[in-house]
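Every value quoted in this text rests on a predicted model; they were computed, and no experiment measured them.
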Amino acid sequence: MEKAAETALDKLVDILRLSPRYLFLPLLLISAFALFAPADWLDVLGIRSLVADYKPWVGGTFLVSIAFVLVSLGHAVYSWSWGSITSNRRKTEQLDRMKEKLDNLTNDEKDRLGGFIRSGTRVQYFYQTDVVALGLASPGGVFHITRRWFAHLL
C-alpha cells in the first residue's frame with residue numbers, strides 16, 4: 001500500500017514538472033465539463049455541490065485556461081508560418097552566397113576542394129598552418145573537425 005502511494009506521488013510530481021503549456025488543455029477540458037455538463041452528470045460523479053460552491057474558481061480556471069490555450073495555438077501557427085517563410089529565405093540567401101563563393105575560388109582553393117572529389121570522402125586533413133584551407137573554413141565553407149589536424153567536412 002505504501003509503495004502504491006509513493007508511485008502515485010511520483011507520478012503527480014512528474015505531471016507538475018511538465019511545462020505549464022501541457023497542463024492548461026486538461027484544465028480547460030475539466031473546467032469546461034464542470035461548468036457546462038448537465039446537472040445529472042455532475043450528480044452521478046458526486047461533484048455537483050463542489051462545482052456549485054467553487055463556481056467562481058472553476059469559471060476563472062476556465063477563462064485563464066482558454067486564454068493560455070488560444071495564445072499557445074496562435075503562437076504555434078505564427079511560428080510555423082513565419083518560421084517557414086524566414087527559413088526558406090535564409091536557405092536561399094545561404095545558397096546564393098555559397099554559389100558566389102564557389103564561382104570566385106582561386107586555383108589553390110579548387111585544388112584543396114578537389115581532394116574531396118578525388119578521394120570520395122567527406123573528410124580531408126590539412127595542417128593548421130595551411131592558409132588556403134583556413135580561408136575555406138570561413139562561414140558557409142568547410143568546417144573544422146579537430147584541433148590537432150586541420151580537418152574539414154564538405
Taking [Y]'s backbone N and O only, do any of them form a donor-acceptor pair with [X]'s side chain (distance below 3.5 Å, no angle check)?
| X | Y | result |
| --- | --- | --- |
| Thr61 | Trp57 | yes |
| Asp111 | Asn107 | no |
| Glu109 | Thr106 | yes |
| Ser79 | Ala76 | no |

Exercise. Are more than 12 heavy atoms from other residues, nucleotides or ligands located less than 6.0 Å from atom CZ of Phe68?
Worked result: no

Exercise. How far apart are the closest heavy atoms of Ser65 and Leu27, and which atoms are they?
Worked result: OG-CB, 3.5 Å

For this session: Search all heavy atoms of Leu105 against all heavy atoms of Lys110 and return the closest pair with its distance.
Result: O-CE, 3.6 Å

Exercise. Atom CZ in Arg89, atom CD in Glu93: separation rounded to 0.5 Å?
Worked result: 7.0 Å

Problem set entry | Arg97 side, atom CZ; Thr92 side, atom OG1 - distance, nearest 0.5 Å | 10.5 Å

Does the side chain of [X] reach to within under 4.5 Å of the side chain of [Y], using non-hydrogen atoms?
| X | Y | value |
| --- | --- | --- |
| Phe24 | Val71 | no |
| Ile66 | Leu70 | yes |
| Leu29 | Phe33 | no |

Exercise. Knowing that exactly one of Leu63, Asp53, Leu35, Ile30 qualifies, which makes a side-chain contact (heavy atoms from CB on, under 4.5 Å) with Val58?
Worked result: Leu35

Side-chain heavy atoms nearer than 4.5 Å, only ILVMFWY residues, links allowed to pass through others: does that put [X] and [Y] together?
| X | Y | value |
| --- | --- | --- |
| Trp41 | Leu45 | yes |
| Val69 | Trp80 | no |
| Phe36 | Val64 | yes |

Problem set entry | Cationic N near anionic O, under 4.0 Å, Asp96 to Lys91 | no

